[in-house]
2 protein chains.
Amino acid sequence: MNATIIDVANAAGVSFKTVSRVLNGEAGVRDKTREKVQLAAKELNFTLNTAARNLRRRGSNLIALIISNPSRSYIDNIQIGAMDWCSRNGFHLVVEDFRAQPSGFDDLIRGGEMAGVILIPPMSDDPEIITKLTGQNIPFVRIAPETANDSAPSVRIDDQAAAKEMTQKLIELGHKRIGLITGPNEFGVSRNRMAGYRLALDDAAIKYDSALVREGAFSYETGQSCAARLLSMPNPPTAIFASNDDMAAGAIAESYKRGIAVPSELTIVGYDDVAVASVISPPLTTVRQPLKDMAARAAELLLERIRNQESAPKHDVLPHRLILRASHGPRA
Amino acid sequence: MNATIIDVANAAGVSFKTVSRVLNGEAGVRDKTREKVQLAAKELNFTLNTAARNLRRRGSNLIALIISNPSRSYIDNIQIGAMDWCSRNGFHLVVEDFRAQPSGFDDLIRGGEMAGVILIPPMSDDPEIITKLTGQNIPFVRIAPETANDSAPSVRIDDQAAAKEMTQKLIELGHKRIGLITGPNEFGVSRNRMAGYRLALDDAAIKYDSALVREGAFSYETGQSCAARLLSMPNPPTAIFASNDDMAAGAIAESYKRGIAVPSELTIVGYDDVAVASVISPPLTTVRQPLKDMAARAAELLLERIRNQESAPKHDVLPHRLILRASHGPRA
DNA sequence: TTGTAGGCGTTATCAT
DNA sequence: ATGATAACGCCTACAA
């Protein structure tokens, strides 16, 4: 049986309240007493019971990150950013796959076990999830939602602007037929990036051609298959803009398979700037998203809401940046 | 304020004990009563308070996965396997980076918040961690420890045999100078794989040459730098065996940079069979480790220990397999 | 500076 | 089949 504060109190010859004070670093305890208590606690190998503390405090030191996104490298960065923040702020991170078991998520957000929840796409835009969270009265934050709203704070980059800039860059290079491999339409970011692509086209008076747009699933394989469709066209694009780096990597592989050289014969650019971008050949020109920072900032905004549920939700837009590496070139 | 079972009891006109019975699916409640209670619970949007339950039951539905391993793809697979198991078994997974904050881990395993802990290399072999876990009397399981022992159950593949087989394969192909890029020496698996490599060499009467062995850090970059050292030798190896796929990928990149074709001029093989292995060019010949299964099995063995701390720890060895893809060839 | 009474919401024990 | 009472370990509020 583990020791309780009462055991420590008896061992130290003080009341349990004094022990509690010492353990929580409260003021108003004589140094001598404090030492006695600390010694007794150590000798009994005592640790505060978290369940009892949480029950009494109506609190928790757990933050949940809900995933399901098919792109592991995206999740990895988000998770690392969130974990780092948690360990610097006395929290711990629970990672839950939303798709795994429908009941898993419900169970997780039940009973006040989680202090708060971090949502990434596509969950950030899922009305059912948001309704459940709101129903349980549990604070949450949305990463890269389609649009910011009052339901919760949010952190994102300006996907529309970023996609527009990249498309403009491609247009500057002389490309007029620019293939777009989007993410699934259920992702708000997909729609935003698509909008940016169209804006750039409009600005350059290039007619939008839906045949040049393919919907992938943010995976290497769908990058391959979408590129295959695009490159099989009678009049194929001279550049392909993939909505994430994994799909761009797949597109590059497909090009090689067809004997099409990148970037001399075909330009391929990505989005995210995750590890694969600098590791494949040629290194990817891409849009850098500060995913770790976004996650850390999201946790920060979440904490504000945990501390004060009435505080107005903040909405942060972090800076993006075009990373020009070697996978792009002028129109062949 | 959230509703409690007492509120539900009042609403349903029964005692709170009856509510508790219904919520826990216990027998001995009339159907009619059960329905009344369930209705009342739903109307009050009631959920059981986890902290109170955990306090009373002296339990928890949380399992911790302790990471720090530099290879994300390895962790990804382990994490996915563990998460899936958790969601199928009513648990949730807390992921904690051991390096982030020294206090983070200590805090996590304190106070009975975690039902159990899963350790991966190099934590599986870390005596300080094991001592702490034992001191807190918290069940844990070790994935890929250097050697199985009574401290905890474990799951692994036979790394020594696997490395030996791969090395033998290389020898069969005519290679006599086989470079080895190991993982850090603090990883038990590194030592085991190294042992398998030497065994194969001995069997084939090939003299061990320490100049052919480089210690990497399981990262793409160290794969590159170790390969660079190896390929700069006056008498470079004709084959390189990297202790994980990330390093093998780095080695391939380095070879290309030097104008050395793989596999026609140089054979490079990896270990793990994670995503990168089938995505790079050429696809990697590697050792397949069933990482997801290992994690799921580890969770299973952990659960046995959680249920019965006195049960003898089991030690599972899961099957590995050589995956022959395109990165290997006969000696040039 | 230290201590006492009470309750957080649930489950266990024992009764009815 | 249902209920009353106690207890889990801690913290809050209020004394002393």
Side-chain angles (χ1 to χ4, degrees), chain A residues 1-38 40-41 44-62 90 107 110-115 136-138, chain B residues 1-38 40-41 44-62 90 107 110-115 136-138:
Chain A
M1 205 64 276
N2 281 322
T4 73
I5 57 173
I6 297 189
D7 299 327
V8 177
N10 291 150
V14 298
S15 81
F16 67 86
K17 178 62 211 182
T18 300
V19 176
S20 176
R21 288 202 179 88
V22 172
L23 296 170
N24 290 295
E26 288 172 32
V29 180
R30 210 181 324 205
D31 282 355
K32 196 80 178 276
T33 312
R34 182 180 303 278
E35 284 165 25
K36 256 196 319 193
V37 170
Q38 283 165 337
L44 292 172
N45 193 23
F46 169 83
T47 61
L48 274 172
N49 180 297
T50 309
R53 155 177 282 190
N54 287 348
L55 172 60
R56 191 62 243 228
R57 287 193 173 170
R58 298 159 183 282
S60 149
N61 58 164
L62 264 20
D107 181 67
R110 203 174 295 185
E113 197 175 7
M114 295 298 124
Q136 294 293 330
N137 202 30
I138 163 172
Chain B
M1 206 63 275
N2 282 322
T4 73
I5 56 173
I6 297 188
D7 299 325
V8 177
N10 291 149
V14 297
S15 83
F16 68 80
K17 180 63 211 182
T18 299
V19 175
S20 177
R21 288 202 179 88
V22 172
L23 295 170
N24 288 294
E26 287 172 31
V29 180
R30 210 179 329 204
D31 283 355
K32 196 80 178 275
T33 311
R34 182 179 304 276
E35 285 166 23
K36 256 194 321 193
V37 169
Q38 282 166 338
L44 292 171
N45 193 24
F46 169 82
T47 60
L48 273 174
N49 181 296
T50 308
R53 156 176 283 191
N54 287 347
L55 171 59
R56 190 61 243 226
R57 285 195 174 167
R58 297 158 183 283
S60 148
N61 57 165
L62 265 20
D107 181 67
R110 202 175 294 182
E113 197 175 7
M114 296 297 125
Q136 293 293 329
N137 202 30
I138 164 170

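Throughout, a chain's letter reflects where its sequence line sits, starting with A, and its residues are numbered from 1. Remember, predicted model here, so these are calculated numbers, not experimental data.
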*asked:* Taking only side-chain N and O atoms of B/Ser20, does any of them lie within less than 4.0 angstrom of OP1 or OP2 on C/dT10?
replied: no
*For B/Phe16, which of B/Ile5, B/Thr4, B/Asp7 qualifies under side-chain contact (heavy atoms from CB on, under 4.5 Å)?*
B/Ile5
*Spacing of B/Lys36 atom NZ relative to D/dA1 atom P, expressed in whole Å*: 15 Å
*Looking only at side-chain atoms of A/Asn49, point me to the closest of D/dG3, D/dC10, C/dG9.*
D/dC10
*Expressed in angstrom and rounded to an integer, what is the separation of B/Ile6 atom CD1 from D/dG3 atom P?*
13 Å
*C/dG9, D/dG3, D/dC11: which one has an atom nearest the side-chain heavy atoms of A/Phe16?*
D/dC11
*Do the side-chain N or O atoms of B/Thr18 get closer than 4.0 angstrom to the phosphate oxygens (OP1, OP2) of D/dT2?*
no
*In whole angstrom, give the distance that lies between atom CZ of A/Arg58 and atom P of D/dC11.*
15 Å
*Write down the atom of A/Glu26, the atom of A/Arg34, and the distance for their closest heavy-atom approach.*
O-NH2, 3.2 Å
*Per the atom types in the model, does the base of C/dG7 pair as donor or acceptor with the side chain of A/Arg56 at under 3.5 Å?*
yes
_Counting the atoms with a prime plus P, OP1 and OP2 as sugar-phosphate, which does A/Asn54 contact under 4.0 Å by heavy atoms, base, sugar-phosphate, or nothing?_
nothing
*Quick one: is A/Ser15 getting a side-chain N or O under 4.0 Å of the C/dG3 phosphate, OP1 or OP2?*
yes
*In Å, rounded to the nearest 0.5 Å, how long is the span from CG of A/Asn49 to CZ of B/Arg110?*
13.0 Å
*For B/Glu35 and D/dT2, give me the distance from atom CD to atom P, rounded to whole Å.*
12 Å
*Out of curiosity, B/Leu55 CG to B/Ser60 OG, how far, rounded to the nearest 0.5 Å?*
12.5 Å
_Closest to side chain of A/Leu55, choosing from D/dG9, D/dA6, C/dT1_ = D/dG9
*With distance as the sole criterion, do the side chain of B/Lys17 and the base of C/dA12 form a donor-acceptor contact below 3.5 Å?*
yes
_Side chain of A/Asn24 only, heavy atoms from C-beta on: which candidate in C/dT10, D/dC10, D/dC11 is closest?_
D/dC11
_Without decimals, in angstroms, what is the distance between A/Asp31 CG and C/dT1 P?_
9 Å
*Closest nucleotide of DNA chain D for B/Gly13 versus for A/Ala52: which of these residues is on the 5' side?*
B/Gly13
_Using a 4.0 Å heavy-atom cut-off, does B/Thr47 contact any base of the nucleic acid, only the sugar-phosphate backbone, or nothing at all?_
sugar-phosphate
*Nucleotide nearest A/Arg30 when distance is taken to its side chain, options D/dC11, C/dT2, D/dG9*: C/dT2
*Does the side-chain hydrogen bond (donor to acceptor under 3.5 Å, both in side chains) test come out yes or no for A/Glu113 and B/Asn54, once each step is laid out?*
CA-CA 10 Å; A/Glu113 197 175 7; B/Asn54 287 347; 4.6 Å; no
*Looking at A/Arg53, does any N or O in its side chain come under 4.0 Å of the phosphate oxygens OP1/OP2 on D/dC11?*
yes
*Between C/dT2, C/dC8, C/dC14, which one does the side chain of A/Thr33 approach most closely?*
C/dT2
_Against B/Ser20, only a single residue in B/Asn24, B/Leu23, B/Val22 fulfils side-chain contact (heavy atoms from CB on, under 4.5 Å); can you say which?_
B/Asn24
*asked:* What contact category does A/Leu48 fall into here, base, sugar-phosphate, or nothing, at under 4.0 angstrom with non-hydrogen atoms?
replied: sugar-phosphate
*Taking CZ from A/Arg21 and P from D/dG9, how many angstroms apart are they, rounded to a whole number?*
21 Å
_How many whole angstroms separate atom CD of A/Glu113 from atom C1' of C/dC8?_
17 Å
*Interatomic distance, A/Ile5 CD1 vs D/dC11 P [rounded to whole Å]*: 6 Å
